Amino acid sequence: MSRRRIGFWYRLAAVICKPPLLVLFKRDWQGMEHIPADGGFITAVNHNSYLDPLSYAHYQYNTGRVPRFLAKAGLFKSGFVGLMMRGTGQIPVYRETTDAATAFRAAVSAIEKGECVAFYPEGTLTRDPELWPMQGKTGAARVALLTKAPVIPVAQWGANDAMPPYAKEKKLRLLPRKTLRVQAGPPVDLSAFHDQEPTAEVLRAATEVIMAAITEQLAVVRGEPAPAEPYDWRKAIARDRRAAREAAKTAQGAAAAQAPAERAAAREPAVGPQQARSTQQAQEDESK
């Protein structure tokens with residue numbers, strides 16, 4: 001089988017989701033010619049809004065190559081969401097497993113059957129303050145090197161205007177009408193890694209190439225230069241923790257320096273009104 005057919009459940013999802021997307025948003029879609037017509041492949045997509053999976057899925061659906069997302073296994077368990085996830089053939093990821101190759105076994109199988117598997121390499125919404133792609137995880141690179149399937153970088157922008165990440169209130173900001181921009185680029189060249197043992201270093205290097213390709217496409221979509229280096233979330237957390245510890249030490253030092261003066265002041269006897277009048281009278285007698 002060279003490609004996955006659009007089945008009943010995917011068409012049902014399209015019937016439910018496409019009309020509001022068409023009414024509420026404008027679209028600017030570029031690069032569909034880079035989506036392979038046949039054969040298995042990977043799309044690597046940036047993530048900057050809770051809404052952007054719908055934006056990307058709409059784009060990908062219209063290419064005729066429906067994506068299979070990797071999603072948390074808990075979403076598949078019950079309810080309408082679980083029914084749709086199972087029916088549309090999405091791929092559960094069991095995060096408790098320690099074997100990454102086993103965790104992505106279904107993804108490898110889908111690609112070998114000629115399907116499209118969509119990865120969000122960052123693993124979560126970007127923490128970059130300017131919403132550029134941050135450092136990615138190695139799952140997409142691992143599957144790509146196992147299957148040697150094409151990796152298509154996809155950049156998207158605009159869903160974050162309608163639903164900003166980490167906003168205090170997760171409300172849609174529909175007015176003025178937002179434009180959902182999605183752009184696919186040419187396949188990422190990973191041929192330099194195909195004959196290498198997939199060590200942690202090799203997977204990290206391949207992931208950096210994939211993330212650089214996504215960022216390059218996003219720079220075109222946004223019309224501005226990308227940062228020289230991707231945002232490193234772990235380093236940022238470590239830096240913030242160090243700053244918090246240093247601030248705490250400074251505050252403790254200031255409190256320790258102030259404490260002796262406060263204790264000395266506390267030991268001084270209080271001067272009551274009667275004592276104050278006696279002191280004033282003595283001063284007046286001395287002046288006579």
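This is a predicted model, so every value here is computed, not measured. Position 1 is the first residue of the sequence, and the numbers go up from there.
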Keeping the roles fixed (side chain from [X], backbone from [Y]), state whether a donor-acceptor pair exists under 3.5 Å.
{"X": "Q156", "Y": "N46", "result": "yes"}
{"X": "Y59", "Y": "Q30", "result": "yes"}
{"X": "R68", "Y": "I91", "result": "no"}
{"X": "T147", "Y": "V108", "result": "no"}
{"X": "S109", "Y": "R105", "result": "no"}
{"X": "Y166", "Y": "L125", "result": "yes"}
{"X": "K178", "Y": "P176", "result": "yes"}
{"X": "Q183", "Y": "A155", "result": "no"}
{"X": "R65", "Y": "G40", "result": "no"}

Cation over ring face, R86 and W9, 6.0 Å, 45°
no

How many angstroms lie between atom [atom1] of [X] and atom [atom2] of [Y], to the nearest 0.5 angstrom?
{"X": "Y50", "Y": "L172", "atom1": "OH", "atom2": "CG", "value": "13.5 Å"}
{"X": "W29", "Y": "N62", "atom1": "CH2", "atom2": "CG", "value": "4.0 Å"}
{"X": "I152", "Y": "I210", "atom1": "CD1", "atom2": "CD1", "value": "11.0 Å"}
{"X": "E122", "Y": "M211", "atom1": "CD", "atom2": "CE", "value": "4.5 Å"}

Out of L174, T179, L54, D161, which residue meets the side-chain contact (heavy atoms from CB on, under 4.5 Å) rule with F25?
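It is L174, the one option of L174, T179, L54, D161 that forms the side-chain contact (heavy atoms from CB on, under 4.5 Å) with F25.
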
Please check if any side-chain donor atom of E197 sits under 3.5 Å from a side-chain acceptor atom of T199, or the reverse.
no

Given side chains that start at C-beta, do those of P164 and R173 come closer than 4.5 Å, heavy atoms only?
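They are in contact (side-chain heavy atoms under 4.5 Å apart), so the answer is yes.
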
Indicate if L24 and L21 have the same hydrophobic cluster label, given that clusters are the connected sets of ILVMFWY residues with side-chain heavy-atom separations under 4.5 angstrom.
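Same hydrophobic cluster.
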
May I ask you to say whether K113 pairs ionically with E115, meaning some side-chain N is under 4.0 Å from a carboxylate O?
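Salt bridge between K113 and E115, a charged N being under 4.0 Å from a carboxylate O: no.
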
Return the minimal non-hydrogen interatomic distance between V188 and A213, and the atom names on each side.
CG2-CB, 3.7 Å

Check this for me: [X], atom [atom1], are more than 12 non-hydrogen atoms of other residues, nucleotides or ligands nearer than 6.0 Å?
{"X": "K148", "atom1": "NZ", "value": "yes"}
{"X": "E229", "atom1": "CD", "value": "no"}
{"X": "Q196", "atom1": "CD", "value": "yes"}

With respect to Y56, which candidate in F69, Y61, F119, W157 satisfies the ring-ring contact (aromatic ring centres under 6.0 Å, His included) definition?
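Single pass found, and it is F69.
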
